[in-house]
Amino acid sequence: MFSGVTRVSLLHDKFGRQITDLRISVTDRCNFRCVYCRSADPENYRPESELLSWDELERLGRVYHGLGIRKIRVTGGEPLVRKGVEEFIERLHGVGFEDISMTTNGHLLAGRCERLVRAGLRRINISLDSLDPVKFEQLTRTHSYADVIAGIEAVQRTSMAPVKVNAVLVRGINDGEVEAFAAFARERGIIMRFIEFMPLDADRSWTRESVVPAAEVHRRIDAQWKLEAIPNEPSETARKYRFADGAAGEIGLIASVTQPFCGHCSRIRMTADGKIRTCLFSKDEHDLRPLLRDGASDDDLAFFIRSVVHEKEPGHRINEPDFAPPGRTMVSIGG
Ligand code: SAM
Ligand code: SF4
């Protein structure tokens, strides 16, 4: 099947970065409307026929695996709103991926954790942007706080523990909760990750002032509970810390805006409608869907993917004076 492309021909770009991680968005739909991601106004979802089918996604999974992709993260939109995601994870596992993870808002998770583990899911990240139920509901525009906490607790009872909990901090909204989140990590033995707000929101309300720098988060937590750095791989997005007093839990800081890690990036993304994005902030997308639907062979697909990855941009340009956000927003890219 992979006559011209063997498992050893790893994906790499012209700057020598090896690409080993793929984030697949399986849907552009979501049951939340987080203020830093979606708009309160109704948005048009893409018609179902534009989204790749599970069969198409599995086929591409095989091609990516053959090209050396090792880690797959299933995301969205909200991946758990698409029916059949458990079976898809099972299929990815069958392809040979060992590191399959998911990012979810946790709303539909509690009752499905066990099945996801059986399907082969190894790790999970759950978004939780406030520990105050009223603020949580304002941030997500839902009434789901209790369900998300139940999702976190359910994961903690499975082999996917410790769960990673992601909070996007937005100045003036939830930045007062840094210490409370750190206490939450200690009490529950979870990995609490703080993500800098990026200019990918549908309302285009991002400003530089609304970003809460990771350095500030570190300083504030360290002032209360001394932190010790945990060595990490250069390609990891988060800088990781443990509590020096030996308490359970960990802190992760994702400083995408103030300390970009593009030079070590090992990731590409694929949108639910089959577009490869070599960076969150790519201006150009590369469409696999017509190839898939017009009879391309696996070798053709692999050749296309390799050519696209070769041209991966050196880095995002958020801090450049002429920066302009991409056309797509986070919900339809797949974070
Ligand atoms: N719906 C799932 C969720 O919220 O976990 C998965 C998709 S969501 C787009 C993936 C991740 O992107 C979440 O952790 C979310 O908090 C993050 N995110 C969304 N908009 C963002 C923004 N403007 N800046 C930084 N992170 C963002
Ligand atoms: Fe939905 Fe996730 Fe975006 Fe929130 S961050 S609106 S849960 S896709």
Side-chain angles (χ1 to χ4, degrees), residues 23-38 72-86 88-89 100-170 173-174 177 180-195 197 201 237-238 248-252 254 272 330-335:
R23 300 197 175 182
I24 295 190
S25 171
V26 295
T27 180
D28 60 344
R29 283 157 209 255
C30 187
N31 45 1
F32 283 18
R33 288 184 176 278
C34 302
V35 294
Y36 54 77
C37 180
R38 295 183 69 197
I72 287 236
R73 175 167 294 275
V74 176
T75 181
E78 172 48 38
L80 293 176
V81 302
R82 182 159 176 194
K83 197 165 168 285
V85 71
E86 289 89 345
F88 176 57
I89 286 166
I100 308 174
S101 58
M102 177 183 278
T103 305
T104 169
N105 61 33
H107 174 62
L108 298 170
L109 185 59
R112 291 164 74 179
C113 262
E114 300 277 342
R115 171 76 184 96
L116 286 164
V117 171
R118 279 202 309 280
L121 195 67
R122 277 260 307 269
R123 299 181 292 122
I124 201 154
N125 292 13
I126 302 180
S127 301
L128 176 71
D129 303 305
S130 179
L131 292 166
D132 167 356
V134 174
K135 193 178 283 180
F136 175 89
E137 297 188 353
Q138 286 165 358
L139 266 158
T140 57
R141 303 175 173 120
T142 64
H143 302 289
S144 319
Y145 181 77
D147 294 316
V148 177
I149 295 291
I152 291 172
E153 289 172 349
V155 174
Q156 288 297 71
R157 293 190 290 270
T158 69
S159 57
M160 293 192 290
V163 63
K164 287 183 179 158
V165 173
N166 290 345
V168 176
L169 294 176
V170 185
I173 300 185
N174 58 353
E177 293 193 59
F181 275 125
F184 183 72
R186 292 166 61 89
E187 282 154 21
R188 296 190 178 233
I190 61 172
I191 302 174
M192 187 67 227
R193 296 158 26 113
F194 297 92
I195 305 177
F197 180 27
D201 57 312
T237 51
E250 247 181 51
I251 299 295
I254 303 171
M330 197 62 147
V331 68
S332 81
I333 295 173

**Q** Please work out whether the ring planes of Phe194 and Phe181 are parallel, tilted or perpendicular, with thresholds of 30° and 60°.
**A**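 Because their plane-to-plane angle is over 60°, the rings of Phe194 and Phe181 count as perpendicular.
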
**Q** I'd like to check Val165 versus Arg188 (side-chain heavy atoms, cut-off strictly below 4.5 Å). Are they in contact?
**A** no

**Q** Does the side chain of Leu80 reach to within under 4.5 Å of the side chain of His107, using non-hydrogen atoms?
**A** no

**Q** Looking at every non-hydrogen atom in both residues, tell me the closest pair between Arg112 and Glu86 and how far apart they are.
**A** NE-OE2, 2.7 Å

**Q** Any sub-3.5 Å donor-acceptor pair from Arg38's side-chain atoms to Phe32's backbone N or O?
**A** yes

**Q** Measuring from atom CG of Asn166 to atom CZ of Arg193, what distance do you get when rounded to the nearest 0.5 angstrom?
**A** 4.5 Å

**Q** Looking only at heavy atoms, what is the nearest atom pair of Pro162 and Gly189, with distance?
**A**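 Shortest heavy-atom separation between Pro162 and Gly189 comes out as CB-O, 3.5 Å.
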
**Q** Once you round to the nearest 0.5 Å, how far does CZ of Phe136 lie from SG of Cys34?
**A**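 Here the rounded value is 7.0 Å.
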
**Q** Evaluate the side-chain proximity of Ile191 to Asn125: yes if any heavy-atom separation is below 4.5 Å, no if none is.
**A**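 Sidechains of Ile191 and Asn125: no contact.
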
**Q** Is a donor on one side and an acceptor on the other found under 3.5 Å between the side chain of Arg141 and the backbone of Arg33?
**A**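 Checked: pair present.
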
**Q** So, Asp201 side chain and Val35 main chain: donor-acceptor pair closer than 3.5 Å or not?
**A** no

**Q** Quick one: does Val163's side chain get under 4.5 Å of Ile124's, heavy atoms only?
**A** yes

**Q** What distance separates Asp147 CG from Ile152 CD1, expressed to the nearest 0.5 Å?
**A**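 Separation between the atoms: 11.5 Å.
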
**Q** Please report the closest heavy-atom contact between Leu131 and Tyr145, naming both atoms and the distance.
**A** O-OH, 3.1 Å

**Q** Please report the closest heavy-atom contact between Leu139 and Ser130, naming both atoms and the distance.
**A** CD1-CB, 4.0 Å

**Q** Restricting to non-hydrogen atoms, name the atom on Val148 and the atom on Ser127 that form the minimum distance, rounded to 0.1 Å.
**A** CG1-O, 3.8 Å

**Q** Can you tell me how far the OG atom of Ser25 sits from the CZ atom of Arg82, to the nearest 0.5 Å?
**A** 9.0 Å

**Q** Report yes or no: do Thr27 and Glu78 form a side-chain donor-acceptor pair below 3.5 Å?
**A**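 The criterion, which ignores hydrogens and geometry beyond distance, is not satisfied for Glu78 and Thr27.
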
**Q** So do the side chains of Val26 and Ile24 get within less than 4.5 Å of each other, counting heavy atoms only?
**A**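 In contact.
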
**Q** Measure the CD1-CZ distance between Ile89 and Arg115 for me, rounded to the nearest 0.5 Å.
**A** 9.0 Å

**Q** On a heavy-atom basis, which atom in Ile149 and which in Leu128 lie closest, and how many Å separate them?
**A** CD1-CD2, 4.2 Å

**Q** Might you work through the salt bridge (charged side-chain N to carboxylate O under 4.0 Å, His left out) test for Glu114 and Arg157, ending with a clear yes or no?
**A** CA-CA 9 Å; Glu114 300 277 342; Arg157 293 190 290 270; over 6 Å; no

**Q** Given side chains that start at C-beta, do those of Asn31 and Leu108 come closer than 4.5 Å, heavy atoms only?
**A** yes

**Q** Are Thr140 and Asn105 side-chain neighbours, meaning at least one heavy-atom pair lies under 4.5 Å?
**A**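 Not touching, per the 4.5 Å side-chain cut-off.
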
**Q** Roughly how far, to the nearest 0.5 Å, is CG of Leu109 from CD1 of Ile126?
**A** 5.0 Å

**Q** Apply the side chain to side chain donor-acceptor pair (under 3.5 Å) test between Thr103 and each candidate in Arg73, Arg23, Arg123; give the one that qualifies.
**A** Arg73

